[in-house]
Amino acid sequence: MTILDARPEAQVGTKQSFGRTPAPATADTPKPGRLVDLFEYGLDSPICLTWELTYACNLSCSHCLSSSGRRDPRELTTEEAKGVIDEFERMQVFYVNIGGGEPTIRPDFWELVDYASEHHVGVKFSTNGVKISPEIAQRLVNSDYVDVQISLDGATADVNDYVRGPGSYDTAMRAMQNLYDAGFENFKISVVCTRQNIPQLDEFKAIADKFKAQLRLTRLRPSGRGADVWDDLHPLPEQQKELYNWLVAHGEGVLTGDSFFHLSAYGDALPGLNLCGAGRVVCLIDPVGDVYACPFAIHEEFLAGNVRSEGGFHEVWRNSELFARLRNPQTGGACTSCGFFDSCRGGCMAAKFFTGLPLDGPDPECVRGFGEDALTKRKEADSIPKPDGDHSHSTVRGPRRDGKPVTKSRPVNLTLSLRRPEAPPVSACEIDPLAGFRP
Amino acid sequence: MPIELDSAWDLHPQVSVRPEPFGALLYHFGTRKLSFLKDRTLLTVVQSLADSPSVRAACVTAGVSDADLPKYARALDTLVISSMVIQRPVTPSPVIQRPVVESPVAERAS
(Lines give C-alpha, C1' and ligand atoms only; values in the text may rest on other atoms or scores of the structure.)
Protein backbone atom coordinates (compact mmCIF):
# COMPACT_ATOMS: atom_id res chain seq x y z
CA MET A 1 0.00 0.00 0.00
CA THR A 2 1.47 3.17 -0.91
CA ILE A 3 1.91 6.58 -0.18
CA LEU A 4 3.54 8.46 -2.90
CA ASP A 5 4.92 6.66 -5.87
CA ALA A 6 4.47 9.31 -8.48
CA ARG A 7 7.66 10.96 -7.51
CA PRO A 8 8.21 14.62 -7.99
CA GLU A 9 9.64 14.09 -11.40
CA ALA A 10 10.56 17.67 -11.81
CA GLN A 11 10.39 20.48 -9.37
CA VAL A 12 10.06 23.49 -11.53
CA GLY A 13 10.80 26.82 -10.03
CA THR A 14 12.59 29.94 -10.93
CA LYS A 15 14.17 31.35 -7.88
CA GLN A 16 13.94 28.98 -4.97
CA SER A 17 16.51 26.64 -3.61
CA PHE A 18 15.94 22.94 -4.12
CA GLY A 19 18.78 21.89 -1.89
CA ARG A 20 18.71 20.64 1.63
CA THR A 21 18.92 24.10 3.17
CA PRO A 22 16.02 24.63 5.51
CA ALA A 23 13.36 27.14 4.63
CA PRO A 24 13.34 30.40 6.50
CA ALA A 25 11.14 30.38 9.54
CA THR A 26 7.67 31.31 8.50
CA ALA A 27 4.42 32.43 9.96
CA ASP A 28 1.12 31.28 8.51
CA THR A 29 2.00 31.64 4.86
CA PRO A 30 4.81 29.40 3.74
CA LYS A 31 7.64 31.11 1.95
CA PRO A 32 9.41 29.43 -0.95
CA GLY A 33 11.93 26.91 0.21
CA ARG A 34 12.25 23.19 -0.06
CA LEU A 35 9.10 21.57 -1.39
CA VAL A 36 9.00 19.37 1.67
CA ASP A 37 8.78 22.44 3.84
CA LEU A 38 5.87 23.73 1.78
CA PHE A 39 4.11 20.37 1.92
CA GLU A 40 4.24 20.37 5.69
CA TYR A 41 1.45 22.94 5.52
CA GLY A 42 -0.73 20.58 3.48
CA LEU A 43 -2.31 20.82 0.06
CA ASP A 44 -5.75 21.83 -1.17
CA SER A 45 -6.28 18.24 -2.30
CA PRO A 46 -4.28 15.12 -1.58
CA ILE A 47 -1.57 14.23 -4.10
CA CYS A 48 -2.38 10.68 -3.55
CA LEU A 49 -5.04 8.97 -1.68
CA THR A 50 -5.59 5.39 -0.63
CA TRP A 51 -9.12 4.10 -0.83
CA GLU A 52 -9.90 0.72 0.60
CA LEU A 53 -13.06 -0.45 -1.09
CA THR A 54 -13.86 -3.48 1.01
CA TYR A 55 -12.68 -5.37 4.06
CA ALA A 56 -13.54 -8.62 2.27
CA CYS A 57 -10.56 -10.68 1.20
CA ASN A 58 -9.92 -14.18 -0.06
CA LEU A 59 -6.63 -14.24 1.85
CA SER A 60 -5.68 -13.75 5.50
CA CYS A 61 -2.19 -12.31 5.28
CA SER A 62 -0.61 -12.30 8.71
CA HIS A 63 0.58 -8.68 8.36
CA CYS A 64 -2.59 -7.14 6.87
CA LEU A 65 -2.62 -3.41 7.62
CA SER A 66 -6.39 -3.21 7.73
CA SER A 67 -7.08 -6.54 9.48
CA SER A 68 -9.20 -7.52 6.50
CA GLY A 69 -11.11 -10.71 5.87
CA ARG A 70 -14.84 -10.21 6.18
CA ARG A 71 -16.92 -7.59 4.42
CA ASP A 72 -18.39 -4.89 6.65
CA PRO A 73 -22.15 -4.47 6.16
CA ARG A 74 -21.73 -0.68 6.41
CA GLU A 75 -19.41 -0.47 3.39
CA LEU A 76 -20.13 2.29 0.88
CA THR A 77 -22.72 1.38 -1.71
CA THR A 78 -22.03 1.66 -5.43
CA GLU A 79 -23.86 4.99 -5.56
CA GLU A 80 -22.01 6.35 -2.55
CA ALA A 81 -18.69 5.25 -4.04
CA LYS A 82 -19.55 7.04 -7.29
CA GLY A 83 -20.35 10.14 -5.27
CA VAL A 84 -16.88 9.98 -3.74
CA ILE A 85 -15.37 9.70 -7.23
CA ASP A 86 -17.35 12.78 -8.27
CA GLU A 87 -15.74 14.62 -5.38
CA PHE A 88 -12.29 13.46 -6.47
CA GLU A 89 -12.97 14.85 -9.91
CA ARG A 90 -14.06 18.21 -8.50
CA MET A 91 -11.03 18.36 -6.21
CA GLN A 92 -8.71 17.27 -9.03
CA VAL A 93 -7.40 14.26 -7.18
CA PHE A 94 -5.38 12.94 -10.10
CA TYR A 95 -5.41 9.33 -9.08
CA VAL A 96 -6.33 7.05 -6.22
CA ASN A 97 -4.72 3.91 -4.92
CA ILE A 98 -7.49 1.41 -4.49
CA GLY A 99 -6.96 -1.43 -2.07
CA GLY A 100 -8.77 -3.39 0.57
CA GLY A 101 -9.25 -6.19 1.50
CA GLU A 102 -9.20 -7.54 -2.00
CA PRO A 103 -10.94 -4.79 -4.00
CA THR A 104 -11.57 -6.89 -7.10
CA ILE A 105 -13.98 -9.18 -5.27
CA ARG A 106 -16.45 -6.33 -4.83
CA PRO A 107 -19.11 -7.12 -7.43
CA ASP A 108 -19.15 -3.50 -8.62
CA PHE A 109 -15.36 -3.16 -8.77
CA TRP A 110 -15.01 -2.89 -12.55
CA GLU A 111 -18.01 -0.60 -12.72
CA LEU A 112 -16.31 1.76 -10.25
CA VAL A 113 -12.99 1.61 -12.11
CA ASP A 114 -14.75 2.49 -15.35
CA TYR A 115 -16.64 5.29 -13.62
CA ALA A 116 -13.39 6.74 -12.24
CA SER A 117 -11.76 6.62 -15.69
CA GLU A 118 -14.73 8.38 -17.25
CA HIS A 119 -14.37 11.10 -14.62
CA HIS A 120 -10.63 11.59 -15.17
CA VAL A 121 -9.60 10.01 -11.91
CA GLY A 122 -6.74 7.57 -12.45
CA VAL A 123 -6.82 4.31 -10.56
CA LYS A 124 -4.00 2.15 -9.37
CA PHE A 125 -5.40 -0.87 -7.64
CA SER A 126 -3.61 -3.35 -5.41
CA THR A 127 -4.60 -6.95 -5.75
CA ASN A 128 -3.41 -10.39 -4.80
CA GLY A 129 -4.23 -11.31 -8.40
CA VAL A 130 -7.18 -13.58 -7.76
CA LYS A 131 -9.37 -11.97 -10.44
CA ILE A 132 -6.70 -11.10 -13.02
CA SER A 133 -7.74 -13.56 -15.71
CA PRO A 134 -6.46 -13.35 -19.30
CA GLU A 135 -9.71 -11.56 -20.24
CA ILE A 136 -9.40 -8.98 -17.47
CA ALA A 137 -5.71 -8.44 -18.31
CA GLN A 138 -6.70 -7.75 -21.91
CA ARG A 139 -9.28 -5.27 -20.76
CA LEU A 140 -6.82 -3.48 -18.45
CA VAL A 141 -4.17 -3.04 -21.11
CA ASN A 142 -6.54 -0.88 -23.10
CA SER A 143 -7.01 1.75 -20.41
CA ASP A 144 -4.81 4.82 -19.92
CA TYR A 145 -6.28 5.50 -16.55
CA VAL A 146 -5.73 2.17 -14.85
CA ASP A 147 -2.59 0.76 -13.30
CA VAL A 148 -2.26 -2.55 -11.49
CA GLN A 149 -0.20 -3.53 -8.51
CA ILE A 150 0.27 -7.18 -7.60
CA SER A 151 1.22 -7.96 -4.02
CA LEU A 152 4.04 -10.43 -3.57
CA ASP A 153 5.92 -10.83 -0.32
CA GLY A 154 8.34 -13.54 -1.28
CA ALA A 155 10.33 -14.26 -4.43
CA THR A 156 9.70 -17.93 -3.74
CA ALA A 157 6.49 -19.70 -2.73
CA ASP A 158 7.75 -20.71 0.69
CA VAL A 159 8.69 -17.16 1.73
CA ASN A 160 5.60 -15.59 0.19
CA ASP A 161 3.06 -18.10 1.46
CA TYR A 162 4.52 -17.90 4.97
CA VAL A 163 2.86 -14.50 5.39
CA ARG A 164 0.24 -14.44 2.62
CA GLY A 165 -1.10 -17.99 2.94
CA PRO A 166 -0.99 -21.21 0.90
CA GLY A 167 -1.46 -20.82 -2.84
CA SER A 168 -1.06 -17.05 -2.84
CA TYR A 169 2.30 -17.18 -4.63
CA ASP A 170 0.85 -19.18 -7.50
CA THR A 171 -2.12 -16.81 -7.72
CA ALA A 172 0.17 -13.78 -7.97
CA MET A 173 2.46 -15.41 -10.55
CA ARG A 174 -0.51 -16.43 -12.69
CA ALA A 175 -1.87 -12.87 -12.60
CA MET A 176 1.52 -11.45 -13.60
CA GLN A 177 1.81 -13.93 -16.45
CA ASN A 178 -1.65 -12.90 -17.67
CA LEU A 179 -0.74 -9.21 -17.56
CA TYR A 180 2.52 -9.90 -19.37
CA ASP A 181 0.82 -11.99 -22.03
CA ALA A 182 -1.72 -9.21 -22.61
CA GLY A 183 1.12 -6.75 -23.11
CA PHE A 184 0.50 -4.69 -19.96
CA GLU A 185 3.91 -3.14 -19.40
CA ASN A 186 5.08 -1.50 -16.24
CA PHE A 187 2.50 -2.86 -13.87
CA LYS A 188 3.78 -2.82 -10.30
CA ILE A 189 4.94 -5.67 -8.13
CA SER A 190 4.55 -4.58 -4.54
CA VAL A 191 6.69 -6.16 -1.87
CA VAL A 192 6.49 -5.54 1.86
CA CYS A 193 10.05 -5.92 3.10
CA THR A 194 10.41 -8.47 5.87
CA ARG A 195 13.17 -10.27 7.69
CA GLN A 196 12.44 -13.31 5.50
CA ASN A 197 12.49 -11.63 2.10
CA ILE A 198 15.27 -9.04 2.39
CA PRO A 199 17.78 -11.70 1.18
CA GLN A 200 15.63 -12.01 -1.98
CA LEU A 201 15.82 -8.42 -3.25
CA ASP A 202 17.75 -9.39 -6.38
CA GLU A 203 15.31 -12.21 -7.08
CA PHE A 204 12.38 -9.81 -6.82
CA LYS A 205 14.07 -7.53 -9.32
CA ALA A 206 14.58 -10.48 -11.66
CA ILE A 207 10.86 -11.35 -11.45
CA ALA A 208 9.93 -7.74 -12.20
CA ASP A 209 12.31 -7.62 -15.17
CA LYS A 210 11.00 -10.92 -16.50
CA PHE A 211 7.42 -9.58 -16.55
CA LYS A 212 8.45 -6.09 -17.71
CA ALA A 213 7.02 -4.82 -14.46
CA GLN A 214 8.24 -2.26 -11.99
CA LEU A 215 9.34 -3.32 -8.54
CA ARG A 216 7.98 -1.51 -5.55
CA LEU A 217 9.34 -2.08 -2.06
CA THR A 218 7.56 -0.83 1.01
CA ARG A 219 8.02 -0.90 4.70
CA LEU A 220 6.35 -3.40 7.04
CA ARG A 221 4.16 -1.41 9.40
CA PRO A 222 2.98 -2.62 12.79
CA SER A 223 -0.58 -1.70 11.78
CA GLY A 224 -3.66 -3.93 11.75
CA ARG A 225 -2.63 -7.58 12.09
CA GLY A 226 0.88 -6.36 11.33
CA ALA A 227 1.09 -5.38 14.99
CA ASP A 228 0.81 -9.04 15.99
CA VAL A 229 3.66 -10.21 13.80
CA TRP A 230 5.87 -7.12 13.64
CA ASP A 231 8.35 -8.39 16.23
CA ASP A 232 8.98 -11.50 14.14
CA LEU A 233 8.83 -10.04 10.65
CA HIS A 234 10.42 -6.61 10.76
CA PRO A 235 13.92 -6.43 9.28
CA LEU A 236 16.89 -6.80 11.61
CA PRO A 237 19.21 -3.80 11.97
CA GLU A 238 21.86 -5.24 9.63
CA GLN A 239 19.13 -6.03 7.08
CA GLN A 240 18.01 -2.41 7.15
CA LYS A 241 21.49 -1.35 6.10
CA GLU A 242 21.43 -3.99 3.36
CA LEU A 243 18.08 -2.66 2.17
CA TYR A 244 19.29 0.92 2.20
CA ASN A 245 22.37 0.05 0.15
CA TRP A 246 20.25 -1.91 -2.30
CA LEU A 247 17.84 1.01 -2.70
CA VAL A 248 20.68 3.47 -3.23
CA ALA A 249 22.19 1.16 -5.87
CA HIS A 250 18.89 0.83 -7.74
CA GLY A 251 17.83 4.46 -7.35
CA GLU A 252 14.90 5.69 -9.38
CA GLY A 253 14.32 2.28 -10.96
CA VAL A 254 12.59 0.94 -7.87
CA LEU A 255 9.54 2.56 -6.29
CA THR A 256 9.27 2.81 -2.54
CA GLY A 257 6.10 4.80 -1.88
CA ASP A 258 8.42 7.12 0.01
CA SER A 259 8.28 4.62 2.83
CA PHE A 260 11.92 4.31 3.85
CA PHE A 261 12.79 7.88 4.73
CA HIS A 262 13.71 6.73 8.23
CA LEU A 263 16.71 5.01 6.58
CA SER A 264 18.05 8.29 5.23
CA ALA A 265 20.18 8.67 8.33
CA TYR A 266 22.51 6.01 6.84
CA GLY A 267 23.72 8.55 4.32
CA ASP A 268 22.15 10.36 1.40
CA ALA A 269 18.40 10.75 1.33
CA LEU A 270 16.57 8.24 -0.83
CA PRO A 271 14.58 9.48 -3.84
CA GLY A 272 11.16 10.80 -2.86
CA LEU A 273 9.68 13.53 -0.76
CA ASN A 274 11.03 12.18 2.50
CA LEU A 275 8.38 13.47 4.80
CA CYS A 276 5.46 12.08 6.72
CA GLY A 277 2.61 12.91 4.35
CA ALA A 278 -0.17 11.97 6.77
CA GLY A 279 -3.05 14.42 6.40
CA ARG A 280 -0.77 16.72 4.40
CA VAL A 281 -0.43 15.06 1.01
CA VAL A 282 -1.99 11.66 1.64
CA CYS A 283 -4.88 10.10 3.51
CA LEU A 284 -6.96 6.94 3.66
CA ILE A 285 -10.64 6.37 3.04
CA ASP A 286 -11.68 3.05 4.52
CA PRO A 287 -14.51 0.82 3.25
CA VAL A 288 -17.12 2.41 5.52
CA GLY A 289 -16.11 5.91 4.44
CA ASP A 290 -13.98 6.85 7.45
CA VAL A 291 -11.12 9.16 6.56
CA TYR A 292 -7.82 8.53 8.33
CA ALA A 293 -4.59 10.51 8.15
CA CYS A 294 -2.75 7.66 6.47
CA PRO A 295 -3.25 4.06 5.36
CA PHE A 296 -1.19 2.78 8.26
CA ALA A 297 -3.10 4.52 11.02
CA ILE A 298 -6.53 2.96 11.34
CA HIS A 299 -7.19 4.15 14.88
CA GLU A 300 -9.60 6.75 16.27
CA GLU A 301 -6.60 8.89 17.17
CA PHE A 302 -6.06 9.47 13.44
CA LEU A 303 -9.70 9.54 12.33
CA ALA A 304 -10.53 12.86 10.66
CA GLY A 305 -14.17 12.29 9.66
CA ASN A 306 -16.39 10.35 7.29
CA VAL A 307 -17.25 10.91 3.63
CA ARG A 308 -20.93 10.34 4.46
CA SER A 309 -21.05 13.40 6.70
CA GLU A 310 -22.17 16.80 5.48
CA GLY A 311 -19.69 18.37 3.10
CA GLY A 312 -18.30 14.94 2.23
CA PHE A 313 -14.64 14.19 1.68
CA HIS A 314 -13.91 17.76 0.62
CA GLU A 315 -14.97 19.08 4.02
CA VAL A 316 -12.94 16.47 5.90
CA TRP A 317 -9.78 17.13 3.87
CA ARG A 318 -9.98 20.88 4.04
CA ASN A 319 -11.40 21.51 7.49
CA SER A 320 -11.00 18.57 9.85
CA GLU A 321 -9.46 19.48 13.15
CA LEU A 322 -7.02 16.57 13.02
CA PHE A 323 -5.64 17.46 9.60
CA ALA A 324 -5.26 21.11 10.60
CA ARG A 325 -3.15 19.91 13.51
CA LEU A 326 -1.01 17.65 11.34
CA ARG A 327 -0.36 20.45 8.84
CA ASN A 328 2.37 22.03 10.83
CA PRO A 329 6.07 21.40 10.78
CA GLN A 330 6.93 18.23 12.63
CA THR A 331 8.42 18.77 16.03
CA GLY A 332 11.47 16.71 16.71
CA GLY A 333 10.91 16.12 20.41
CA ALA A 334 13.59 13.75 21.64
CA CYS A 335 15.04 13.65 18.13
CA THR A 336 15.71 17.38 17.78
CA SER A 337 19.28 17.10 19.00
CA CYS A 338 20.03 14.28 16.54
CA GLY A 339 22.14 15.36 13.58
CA PHE A 340 20.04 13.24 11.23
CA PHE A 341 16.65 14.70 12.11
CA ASP A 342 16.63 16.84 8.99
CA SER A 343 16.74 13.76 6.77
CA CYS A 344 14.77 11.16 8.73
CA ARG A 345 12.32 13.58 10.35
CA GLY A 346 11.66 11.20 13.21
CA GLY A 347 10.39 8.45 10.92
CA CYS A 348 6.89 7.04 10.63
CA MET A 349 4.10 8.27 12.89
CA ALA A 350 2.06 5.06 12.57
CA ALA A 351 5.06 2.83 13.29
CA LYS A 352 5.69 4.77 16.48
CA PHE A 353 2.05 4.81 17.53
CA PHE A 354 1.40 1.11 17.13
CA THR A 355 4.59 0.09 18.87
CA GLY A 356 3.64 2.32 21.80
CA LEU A 357 6.36 4.91 21.24
CA PRO A 358 5.82 8.65 21.68
CA LEU A 359 5.09 10.43 18.40
CA ASP A 360 7.82 12.99 18.95
CA GLY A 361 10.45 10.38 19.70
CA PRO A 362 12.53 8.05 17.54
CA ASP A 363 11.10 5.59 15.02
CA PRO A 364 11.06 1.98 16.32
CA GLU A 365 13.48 1.16 13.52
CA CYS A 366 15.68 4.23 14.05
CA VAL A 367 18.95 3.34 12.34
CA ARG A 368 20.93 4.72 15.25
CA GLY A 369 19.24 2.24 17.56
CA PHE A 370 17.38 4.76 19.70
CA GLY A 371 14.08 3.05 18.91
CA GLU A 372 15.15 -0.26 20.38
CA ASP A 373 15.74 1.15 23.85
CA ALA A 374 12.33 2.77 23.75
CA LEU A 375 10.75 -0.48 22.57
CA THR A 376 12.12 -2.40 25.50
CA LYS A 377 10.63 0.15 27.87
CA ARG A 378 7.19 0.11 26.23
CA LYS A 379 7.04 -3.66 26.44
CA GLU A 380 7.69 -3.46 30.15
CA ALA A 381 5.02 -0.80 30.54
CA ASP A 382 2.57 -2.84 28.40
CA SER A 383 1.03 0.31 26.96
CA ILE A 384 0.64 -0.50 23.31
CA PRO A 385 -2.47 0.82 21.54
CA LYS A 386 -4.59 -1.74 19.73
CA PRO A 387 -5.70 -1.06 16.15
CA ASP A 388 -9.38 -0.17 15.79
CA GLY A 389 -11.67 -2.60 14.04
CA ASP A 390 -10.91 -6.16 13.13
CA HIS A 391 -12.45 -7.80 10.09
CA SER A 392 -10.21 -10.85 10.20
CA HIS A 393 -11.52 -14.25 9.21
CA SER A 394 -12.06 -16.38 12.27
CA THR A 395 -9.23 -18.64 11.21
CA VAL A 396 -6.17 -19.61 13.16
CA ARG A 397 -3.35 -17.18 12.75
CA GLY A 398 -0.40 -16.21 14.76
CA PRO A 399 1.95 -16.00 16.44
CA ARG A 400 0.37 -13.79 19.08
CA ARG A 401 2.20 -10.77 20.35
CA ASP A 402 1.69 -11.69 23.98
CA GLY A 403 3.37 -15.02 23.39
CA LYS A 404 0.33 -17.06 24.46
CA PRO A 405 -0.62 -20.05 22.33
CA VAL A 406 -3.04 -19.40 19.49
CA THR A 407 -6.40 -20.80 20.47
CA LYS A 408 -8.01 -23.07 17.96
CA SER A 409 -11.64 -22.46 17.13
CA ARG A 410 -13.81 -24.30 19.62
CA PRO A 411 -16.92 -26.31 18.78
CA VAL A 412 -20.14 -24.45 19.53
CA ASN A 413 -22.69 -26.58 21.34
CA LEU A 414 -26.11 -26.45 19.77
CA THR A 415 -29.32 -28.22 20.67
CA LEU A 416 -31.42 -28.97 17.64
CA SER A 417 -35.07 -29.61 18.11
CA LEU A 418 -37.88 -30.21 15.72
CA ARG A 419 -41.01 -28.15 16.16
CA ARG A 420 -43.50 -28.17 13.34
CA PRO A 421 -45.05 -24.76 12.84
CA GLU A 422 -48.85 -24.70 12.87
CA ALA A 423 -48.90 -21.85 10.37
CA PRO A 424 -46.38 -20.34 7.96
CA PRO A 425 -43.96 -17.96 9.70
CA VAL A 426 -45.00 -14.34 9.73
CA SER A 427 -43.12 -12.18 7.27
CA ALA A 428 -40.96 -9.41 8.73
CA CYS A 429 -42.78 -7.05 6.38
CA GLU A 430 -46.24 -7.85 7.70
CA ILE A 431 -47.89 -4.61 8.81
CA ASP A 432 -50.90 -6.00 10.63
CA PRO A 433 -50.15 -5.51 14.36
CA LEU A 434 -51.98 -8.77 15.13
CA ALA A 435 -50.07 -10.79 12.55
CA GLY A 436 -49.08 -14.14 13.94
CA PHE A 437 -51.20 -13.70 17.07
CA ARG A 438 -53.07 -16.88 17.97
CA PRO A 439 -55.42 -16.36 20.92
CA MET B 1 14.72 19.80 -27.60
CA PRO B 2 14.92 23.12 -25.75
CA ILE B 3 11.84 25.30 -25.87
CA GLU B 4 11.71 27.94 -28.60
CA LEU B 5 10.41 31.21 -27.27
CA ASP B 6 8.99 32.38 -30.58
CA SER B 7 7.01 29.30 -31.49
CA ALA B 8 3.77 27.96 -30.10
CA TRP B 9 3.79 25.31 -27.37
CA ASP B 10 1.03 23.63 -25.43
CA LEU B 11 0.45 21.58 -22.35
CA HIS B 12 0.25 17.92 -23.31
CA PRO B 13 -3.44 16.97 -23.67
CA GLN B 14 -3.04 14.22 -21.04
CA VAL B 15 -1.71 16.68 -18.45
CA SER B 16 -3.89 17.95 -15.65
CA VAL B 17 -3.03 21.13 -13.71
CA ARG B 18 -4.06 21.75 -10.13
CA PRO B 19 -3.27 25.13 -8.55
CA GLU B 20 -1.99 24.90 -4.99
CA PRO B 21 -0.97 27.52 -2.41
CA PHE B 22 2.70 27.08 -3.30
CA GLY B 23 2.20 27.05 -7.08
CA ALA B 24 0.73 24.06 -8.82
CA LEU B 25 0.82 20.35 -9.33
CA LEU B 26 0.95 18.84 -12.80
CA TYR B 27 0.05 15.24 -13.45
CA HIS B 28 0.62 13.43 -16.73
CA PHE B 29 -1.86 10.59 -17.15
CA GLY B 30 0.23 9.01 -19.89
CA THR B 31 3.57 8.84 -18.09
CA ARG B 32 2.00 8.85 -14.59
CA LYS B 33 4.51 11.47 -13.50
CA LEU B 34 4.02 14.42 -11.23
CA SER B 35 5.67 17.81 -11.53
CA PHE B 36 5.56 20.70 -9.16
CA LEU B 37 5.48 24.33 -10.13
CA LYS B 38 6.87 26.34 -7.27
CA ASP B 39 5.79 29.67 -8.58
CA ARG B 40 2.39 31.18 -9.32
CA THR B 41 3.72 33.24 -12.23
CA LEU B 42 5.03 30.09 -13.86
CA LEU B 43 1.57 28.60 -13.41
CA THR B 44 0.08 31.55 -15.30
CA VAL B 45 2.65 31.10 -18.07
CA VAL B 46 1.75 27.43 -18.38
CA GLN B 47 -1.96 28.19 -18.38
CA SER B 48 -1.50 30.91 -21.01
CA LEU B 49 0.35 28.70 -23.48
CA ALA B 50 -2.79 27.41 -25.19
CA ASP B 51 -4.11 30.88 -26.04
CA SER B 52 -0.77 32.36 -27.00
CA PRO B 53 0.86 32.35 -30.43
CA SER B 54 4.26 31.92 -28.79
CA VAL B 55 5.94 31.11 -25.50
CA ARG B 56 7.18 34.70 -25.36
CA ALA B 57 3.61 35.97 -25.64
CA ALA B 58 2.50 33.63 -22.83
CA CYS B 59 5.27 35.01 -20.63
CA VAL B 60 4.19 38.58 -21.40
CA THR B 61 0.60 37.68 -20.49
CA ALA B 62 1.86 36.35 -17.15
CA GLY B 63 3.83 39.54 -16.52
CA VAL B 64 7.32 38.04 -16.81
CA SER B 65 9.94 40.74 -17.29
CA ASP B 66 12.58 40.46 -20.01
CA ALA B 67 15.21 40.00 -17.37
CA ASP B 68 13.36 37.01 -15.92
CA LEU B 69 12.61 35.43 -19.28
CA PRO B 70 15.66 33.09 -19.36
CA LYS B 71 14.75 31.67 -15.95
CA TYR B 72 11.23 30.89 -17.08
CA ALA B 73 12.51 29.38 -20.32
CA ARG B 74 14.72 27.06 -18.26
CA ALA B 75 11.76 26.06 -16.10
CA LEU B 76 9.72 25.31 -19.21
CA ASP B 77 12.59 23.25 -20.61
CA THR B 78 12.27 20.96 -17.61
CA LEU B 79 8.60 20.52 -18.43
CA VAL B 80 9.46 19.75 -22.06
CA ILE B 81 11.88 17.03 -20.96
CA SER B 82 9.13 15.32 -18.98
CA SER B 83 6.66 15.69 -21.90
CA MET B 84 4.39 17.95 -19.85
CA VAL B 85 4.78 20.68 -22.46
CA ILE B 86 4.95 19.88 -26.17
CA GLN B 87 5.35 21.82 -29.37
CA ARG B 88 2.01 22.73 -30.95
CA PRO B 89 1.52 20.69 -34.08
CA VAL B 90 1.52 22.84 -37.20
CA THR B 91 -1.98 22.91 -38.67
CA PRO B 92 -2.60 23.81 -42.32
CA SER B 93 -5.18 26.52 -41.76
CA PRO B 94 -7.11 27.40 -38.63
CA VAL B 95 -10.21 28.23 -40.69
CA ILE B 96 -10.60 24.66 -41.92
CA GLN B 97 -10.26 23.43 -38.34
CA ARG B 98 -13.39 25.20 -37.18
CA PRO B 99 -16.51 23.11 -36.98
CA VAL B 100 -18.94 24.11 -39.72
CA VAL B 101 -21.90 24.15 -37.35
CA GLU B 102 -20.39 26.92 -35.29
CA SER B 103 -22.45 30.07 -35.35
CA PRO B 104 -21.06 32.83 -37.59
CA VAL B 105 -21.88 35.34 -34.86
CA ALA B 106 -19.57 33.57 -32.48
CA GLU B 107 -16.89 33.62 -35.11
CA ARG B 108 -17.22 37.32 -35.60
CA ALA B 109 -17.21 37.88 -31.91
CA SER B 110 -13.87 36.12 -31.54
Side-chain angles (χ1 to χ4, degrees), chain A residues 4-18 23 26 28-48 88-95 97 116-117 120-124 143-147 186-188 214 252 255 272-273 280-281 327, chain B residues 2-3 5 9 11-47 49 55 58-59 62-86:
Chain A
L4 188 64
D5 269 331
R7 274 186 194 134
E9 206 282 302
Q11 301 177 5
V12 182
T14 52
K15 51 182 177 286
Q16 300 85 359
S17 67
F18 299 123
T26 53
D28 289 335
T29 44
K31 295 279 184 298
R34 281 191 302 168
L35 262 178
V36 168
D37 297 318
L38 303 178
F39 285 175
E40 286 191 329
Y41 295 92
L43 300 181
D44 285 352
S45 302
I47 295 182
C48 136
F88 293 159
E89 186 184 23
R90 283 196 294 274
M91 293 175 73
Q92 282 195 283
V93 174
F94 300 130
Y95 66 95
N97 295 305
S117 301
H120 312 289
V121 176
V123 165
K124 180 173 82 175
S143 171
D144 270 351
Y145 280 93
V146 185
D147 199 2
N186 248 341
F187 67 87
K188 314 294 181 284
Q214 192 164 20
E252 298 276 348
L255 301 171
L273 286 179
R280 295 167 163 156
V281 300
R327 287 168 194 168
Chain B
I3 200 154
L5 288 176
W9 293 67
L11 265 184
H12 192 285
Q14 280 179 294
V15 170
S16 213
V17 179
R18 187 172 94 206
E20 283 286 346
F22 62 85
L25 274 176
L26 267 57
Y27 184 69
H28 194 308
F29 281 97
T31 63
R32 300 199 176 96
K33 299 263 192 201
L34 269 180
S35 284
F36 300 90
L37 305 186
K38 290 178 65 181
D39 183 313
R40 279 277 178 162
T41 310
L42 183 58
L43 169 63
T44 316
V45 173
V46 165
Q47 286 171 330
L49 285 174
V55 175
C59 289
V64 175
S65 70
D66 284 352
D68 283 341
L69 203 55
K71 282 194 290 190
Y72 282 87
R74 274 199 301 278
L76 289 166
D77 274 339
T78 318
L79 294 175
V80 171
I81 290 165
S82 55
S83 309
M84 295 278 179
V85 169
I86 52 168

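Every chain is numbered from 1 and lettered A, B, ... according to where its sequence line falls, protein lines coming before strand lines.
Minimum interatomic distance between B:P19 and A:D44 (heavy atoms only, all atoms of both residues): O-OD2, 4.2 Å. Here the shortest heavy-atom pairing between B:L25 and A:F94 reads O-CZ, 3.8 Å.
By the salt bridge (Lys or Arg N to Asp or Glu O under 4.0 Å) test, B:D68 is found to be paired with B:K71, residues two or more places apart in sequence or in another chain being considered.
Looking at A:D147, the atoms closer than 4.5 Å to chain B (heavy atoms on both sides) sit in the backbone and in the side chain alike.
Comparing A:G122, A:G42, A:S45 by heavy-atom pairs within less than 4.5 Å of chain B, the highest count is held by A:S45.
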### Message
Walk me through whether A:H120 and B:S16 qualify under side-chain contact (heavy atoms from CB on, under 4.5 Å).
### Response
CA-CA 9 Å; A:H120 312 289; B:S16 213; over 6 Å; no
### Message
Working note: B:Y27 + A:I47, criterion side-chain contact (heavy atoms from CB on, under 4.5 Å); need CA distance, chi angles, decisive distance, verdict.
### Response
CA-CA 10 Å; B:Y27 184 69; A:I47 295 182; over 6 Å; no
### side-chain contact (heavy atoms from CB on, under 4.5 Å) assessment of B:R18 paired with A:L43
CA-CA 10 Å; B:R18 187 172 94 206; A:L43 300 181; 4.2 Å; yes
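Rounding to the nearest 0.5 Å gives a distance of 7.0 Å between OH of A:Y145 and CD of B:Q14.
Centroid-to-centroid, the aromatic rings of A:F39 and B:F22 come within less than 6.0 Å.
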